[in-house]
Amino acid sequence: MRIATWNINSVRARADRAVAWLERSGTDVLALQETKCTDAQFPHAVFEAAGYEVAHAGLNQWNGVAIVSRVGLEDVQVGFPEQPEFGADTPVVEARAIGATCGGVRVWSLYVPHGRSPQDPHYAYKLRWLAALREAAQGWAQADGAQVALVGDWNVIPYDTDVWDVTAFEGGTHVTQPERDAFFAFADAGYTEVTRVHLPQEGKYTYWDYQQLCFPKNKGLRIDFAYTSPALTARVTGASIDRDERKGKGASDHVPVVVDLEG
DNA sequence: ATGTCACTATGGTAGTGA
């Protein structure tokens, strides 16, 4: 079975591209982030025509997460227990997490808050969000044989070598110790970040900003990851990053990150 | 050349988020 995660940066702008990629790559389950639409606006028919079921959570033009599967899609859950709210006047639980069981694997599509700047309330929200997710995820992995995949855009640069020049992020988000601690805490909860296991090389970026010709200059970030519970980690046979998907007109600023499972 | 893109609301351009 092949699972992938992809921050699509508007599913309406790229539904055809996503389906073409699904078919070309032979992906069974795809977790999407930044769909940037409401459930009513989601292009369900495009995916269903290709033989995929869809579960989506989207409140407005911001955020939005989905799971697309051709191996079943059961027990859909929008948001995780104690997922923090954000908003100055009327706080809401944003559309940043959706879970479903696909082919026996509990898949979570996650869009971790950006943080904006270490001084911004969004940064504290990001840390709260990651801590709450870790609490929930620890519970999910408890059951013997539980096969859980936490995949998505983590908005954290775990190592200095996951960015073309870490000094460009001095004073910014993504590289602070609290963010990195929050990211690595999932390993303490029993999860393994399996893309690192299979792609340990430096410079394996998953995102290149649209601005400043970042992609041609290969000024990228590695911020899209897949944490798997012990029983699922044992099934992982490989991982890949489809860098070519960043090429050409109409690309997302992120590329798909793929995890292969035996069976 | 601030070498971008997608969204909304508006009204033909400005604001927001990344």
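Everything numeric here is computed off the predicted structure, so don't read it as measured data. By convention in this document, chain letters (A, B, ...) are assigned in the order of the sequence lines, proteins followed by strands, and residues within each chain are numbered from 1. The analysis underlying the following values was restricted to heavy atoms, covering all of them including side chains, and did not include hydrogens, waters or symmetry mates.
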Next item on the list: For A:His122 and for A:Ala13, locate the closest nucleotide of DNA chain B by heavy-atom distance; then report the residue assigned to the nucleotide nearer the 5' terminus.
Entry: A:Ala13

Notebook entry, point to check: What pairs with A:Asp242 under salt bridge (Lys or Arg N to Asp or Glu O under 4.0 Å), at least two apart in sequence or on another chain?
Noted result: none

Margin query: What is the distance, to the nearest angstrom, from the CG atom on A:Leu221 to the C1' atom on B:dA18?
Written below: 12 Å

Notebook entry, point to check: Rounded to the nearest Å, what distance is computed from the CG atom of residue A:Asn7 to the C1' atom of nucleotide B:dA6?
Noted result: 12 Å

Notebook entry, point to check: Is any side-chain N or O of A:Arg14 closer than 4.0 Å to OP1 or OP2 of B:dA6?
Noted result: yes

Item checked: Interatomic distance where OH belongs to A:Tyr210 and P belongs to B:dG17 [whole Å] -> 18 Å

Check: If you measure from the P atom in B:dC7 to the same atom in B:dG3, how many Å do you get, rounded?
Finding: 23 Å

Next item on the list: Could you list the residues that satisfy side-chain hydrogen bond (donor to acceptor under 3.5 Å, both in side chains) with A:Gln61, not counting sequence neighbours?
Entry: none

Item checked: Gap between atoms CG and C1', on A:Asp153 and B:dA18 respectively (whole Å) -> 10 Å

Next item on the list: Could you name each residue pair satisfying ring pair (Phe, Tyr, Trp, His ring centres under 6.0 Å) that touches residues 227-263 of chain A, not counting sequence neighbours?
Entry: A:Trp154-A:Tyr227, A:Phe183-A:Tyr227, A:Phe186-A:Tyr227, A:Tyr207-A:His254

Checklist line | Length of the CD1-C1' vector between A:Ile8 and B:dC5, whole Å | finding: 14 Å

Atom pairs and distances, donor-acceptor, side-chain atoms in residues 127-139 of chain A, under 3.5 Å, two or more places apart:
from	atom 1	to	atom 2	distance (Å)
A:Arg134	NE	A:Ala185	O	3.1
A:Arg134	NH1	A:Gln138	OE1	3.0

Check: Among the nucleotides B:dA18, B:dT8, B:dC7, which one has an atom lying closest to any side-chain atom of A:His114?
Finding: B:dA18

Check: So which one's nearest nucleotide on DNA chain B is more toward 5', A:Asp253 or A:Asn9?
Finding: A:Asn9

Item checked: Separation between the C1' atoms of B:dT10 and B:dT16, rounded to whole Å -> 15 Å

Notebook entry, point to check: Looking at residues 58-66 of chain A, who's got a heavy atom less than 4.0 Å off DNA chain B?
Noted result: A:Gln61, A:Trp62

Table of protein N/O atoms under 3.5 Å from nucleotides 1-3 of chain B N/O atoms:
from	atom 1	to	atom 2	distance (Å)
B:dT2	O3'	A:Gln212	OE1	3.4
B:dG3	OP1	A:Gln212	OE1	3.1
B:dG3	OP1	A:Gln212	NE2	2.7

Margin query: Out of the candidates A:Asp28, A:Asp260, A:Thr27, only one should pair with A:Arg2 under the side chain to side chain donor-acceptor pair (under 3.5 Å) rule; please name it.
Written below: A:Asp260

Check: Got a donor-acceptor contact below 3.5 angstrom from the A:Gln33 side chain to the A:Tyr111 backbone?
Finding: no

Check: Between A:Arg246 and B:dC5, is there a side-chain N or O to OP1/OP2 distance below 4.0 Å?
Finding: no

Check: When rounded to the nearest Å, what value does the distance between P atoms of B:dG15 and B:dG11 take?
Finding: 13 Å

Margin query: Rounded to whole Å, how long is the line connecting atom CZ of A:Phe42 with atom C1' of B:dA6?
Written below: 16 Å

Margin query: Output the rounded distance in Å from CZ (A:Arg12) to C1' (B:dA6).
Written below: 9 Å

Note to self: Quick one: does any side-chain atom of A:Arg17 pair with a main-chain N or O of A:Gly250 as donor and acceptor, under 3.5 Å?
What the structure shows: yes

Note to self: Per the ring pair (Phe, Tyr, Trp, His ring centres under 6.0 Å) rule, what does the pair list look like for residues 82-105 of chain A, sequence neighbours excluded?
What the structure shows: A:Phe86-A:His122, A:Phe86-A:Tyr125

Item checked: ring pair (Phe, Tyr, Trp, His ring centres under 6.0 Å) against A:Phe169, all qualifying residues, sequence neighbours excluded -> none

Margin query: For a quick check of understanding: with a heavy-atom distance under 4.0 Å over all strands, which category does A:Tyr207 fall into, base, sugar-phosphate or nothing?
Written below: nothing

Next item on the list: Provide, to the nearest angstrom, the distance between the NZ atom belonging to A:Lys126 and the C1' atom belonging to B:dG17.
Entry: 14 Å

Item checked: Hydrophobic cluster partners of A:Leu213 (side-chain heavy atoms under 4.5 Å) -> none

Next item on the list: Could you tell me whether A:Gln33 contacts a base, only the sugar-phosphate backbone, or nothing, with contacts defined as non-hydrogen atoms closer than 4.0 Å?
Entry: nothing

Item checked: B:dA18 versus B:dT2 - spacing of their C1' atoms, nearest Å -> 15 Å

